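Let me begin by presenting the structure, written as C-alpha cells, before commenting on it.
Here the structure is a predicted model, which is why all the values come from computation and not from measurement. Sequence positions, counted from 1, serve as the residue numbers for this chain.
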Amino acid sequence: MKTSQLKPAEPFSVNVQGQLLAIPTRLYNDEPSADALESLSPRQLTILHCLYTRHHDGRVRQRHLECIVDSAEPWVIPYVVQLVGEYVVEILVVIRKALSDLDMPGTALRAAYGQFIVDNPSFFARTQRRVVSYWSCYYRLNYTSFQGYPGCTVLEFLRAVASDRAGYPWPRLTPPAGRISLA
C-alpha cells in the first residue's frame, strides 16, 4: 500500500472465529498500481481488496468490494457487512446481488455469514440501525418504503442466515413490512 499523510480512522473490532480483528474505519492511501498488484499472491490480493473497502472514496470501496463480496473466507465477511451499514446505495446493490444466493441451504457462504452475525450481535445490531438511518436521511424520497430499499433486502438475507445458524429468529431492528412509508 502506498503511504498516506493521513492516519487511518479509528478501527472497529469484530470477532472472527474467536479472534478479535481490528479493522480501520477509513483509509486514505492511494490505490497501488496494476503493476504492484501483479506480484501479490491471491491471499495478499484479497487482503488488499479488503483493506481498500475501507477507503474514504465510495467508488474505490465499491471497486474493491466487487473483488471479494462472494468470498466465504471468515475474515473477509466483516469488510462486506460493514459496507451494508454505510450510505452508498450503489454498494448495497452490489452486495444484494452477490448475496442473493445466501438463501441456498448448506452453502459455505451461508454458514460463514450466519456464524459471523451470531458471533457479533452488537455489530450487526448497529448495522441494522445504520441501514434504517441512512435510508431515512438520504434515500427516503427515492425508496418511499423501507422494504423497497436495497439495504432492507440485504438485512433480510443476513437475518435469515443468522436465524438458521443460531436456531432461533434473529432480532429485527428495522421497520416491519409496511410500517414506514411516505405514501
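Judged by distance alone, with hydrogens and angles left aside, the side-chain atoms of Gln147 form a donor-acceptor pair with the main-chain N or O of Pro175 at under 3.5 Å. Counting only distance, with no hydrogens or angles, the side chain of Trp135 and the backbone of Tyr143 share a donor-acceptor pair below 3.5 Å. Counting only distance, with no hydrogens or angles, the side chain of Thr144 and the backbone of Leu141 share no donor-acceptor pair below 3.5 Å.
Taking 4.0 Å as the cut-off between side-chain N and carboxylate O, Arg26 and Glu10 do not count as a salt-bridged pair.
In this structure, Cys67 SG and Leu37 CG are separated by 9.5 Å, a value rounded to the nearest 0.5 Å. Expressed to the nearest 0.5 Å, how far CD1 of Ile77 lies from CD of Gln17 amounts to 9.0 Å. Annotation: the span from Cys50 atom SG to Leu65 atom CG amounts to 9.5 Å, rounded to 0.5 Å. Taking CZ of Arg129 as the start and CG of Leu155 as the end, the distance is 12.0 Å to the nearest 0.5 Å. Rounding to the nearest 0.5 angstrom, the gap separating the CD1 atom in Ile68 from the OG1 atom in Thr53 is 5.0 Å.
Checked against ring pair (Phe, Tyr, Trp, His ring centres under 6.0 Å), His64 has the following partners two or more places apart in sequence or in another chain: His49, Tyr52. Partners of Arg63 under the side-chain hydrogen bond (donor to acceptor under 3.5 Å, both in side chains) rule, at least two apart in sequence or in another chain, are Glu31. Considering only residues two or more places apart in sequence or on other chains, Glu73 meets the side chain to side chain contact (heavy atoms under 4.5 Å, CB included) condition with Arg43, Ser71, Trp75, Val76. Among residues two or more places apart in sequence or in another chain, the side chain to side chain contact (heavy atoms under 4.5 Å, CB included) test is passed with Pro78 by Val14, Val16, Leu21, Ile23, Phe116.
Counting only heavy atoms from C-beta outward, the side chains of Thr174 and Val131 never approach each other to under 4.5 Å. Counting heavy atoms from C-beta on, the side chains of Val132 and Tyr149 never come closer than 4.5 Å. By the 4.5 Å heavy-atom criterion applied to side chains, Phe146 and Ser136 are not counted as neighbours. In this structure, Ile117 and Arg159 have side chains that are not in contact, with every pair of non-hydrogen atoms separated by 4.5 Å or more. Taking the side chain as every heavy atom from C-beta outward, Arg126 and Phe123 approach each other to under 4.5 Å. Taking the side chain as every heavy atom from C-beta outward, Pro11 and Thr25 never approach each other to under 4.5 Å.
Taking the six-membered ring where the residue is Trp, the centroids of Tyr134 and Tyr139 are separated by 6.0 Å or more.
Val154 and Leu173 are assigned to two separate hydrophobic clusters, defined by single-linkage of ILVMFWY side chains at heavy-atom distances under 4.5 Å. Side-chain heavy atoms closer than 4.5 Å link hydrophobic residues (I, L, V, M, F, W, Y) into clusters, and following such links, even through other members, never connects Leu51 to Leu20. By the rule that hydrophobic residues join a cluster once side-chain heavy atoms approach within less than 4.5 Å of another member, Val80 and Val93 end up as members of separate clusters.
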Sequence neighbours excluded and cut-off under 3.5 Å, please list the side-chain donor-acceptor pairs for residues 106-115, or say none.
residue	atom	partner	partner atom	Å
Thr107	OG1	Met104	O	3.4
Thr107	OG1	Arg110	N	3.1
Arg110	NE	Asp164	OD2	3.3
Arg110	NH1	Leu102	O	2.5
Gln115	OE1	Arg165	NE	2.8
Gln115	OE1	Arg165	NH2	3.2
Gln115	NE2	Asp119	OD1	2.9
Gln115	NE2	Asp119	OD2	3.3

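Of all heavy-atom pairs between Val69 and Leu99, the closest is O-CD2, 3.9 Å. Minimum interatomic distance between Leu48 and Pro32 (heavy atoms only, all atoms of both residues): CD1-CG, 3.9 Å. Contact detail for Leu92 and Pro150: the closest heavy-atom pair is CB-CB, 4.0 Å.
In the model, Gln128 has no side-chain atom that pairs as donor or acceptor with a side-chain atom of Arg172 under 3.5 Å.
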Test side chain to side chain contact (heavy atoms under 4.5 Å, CB included) applied to Ser163 and Tyr168, step by step:
CA-CA 5 Å; Ser163 297; Tyr168 55 85; over 6 Å; no
Give the C-alpha distance, both sets of side-chain angles, the deciding distance and a yes or no for side chain to side chain contact (heavy atoms under 4.5 Å, CB included) between Arg61 and Gln82.
CA-CA 11 Å; Arg61 290 195 303 274; Gln82 174 67 17; over 6 Å; no
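Contacts classified as salt bridge (Lys or Arg N to Asp or Glu O under 4.0 Å) and involving residues 89-99 (residues at least two apart or in different chains) are not found.
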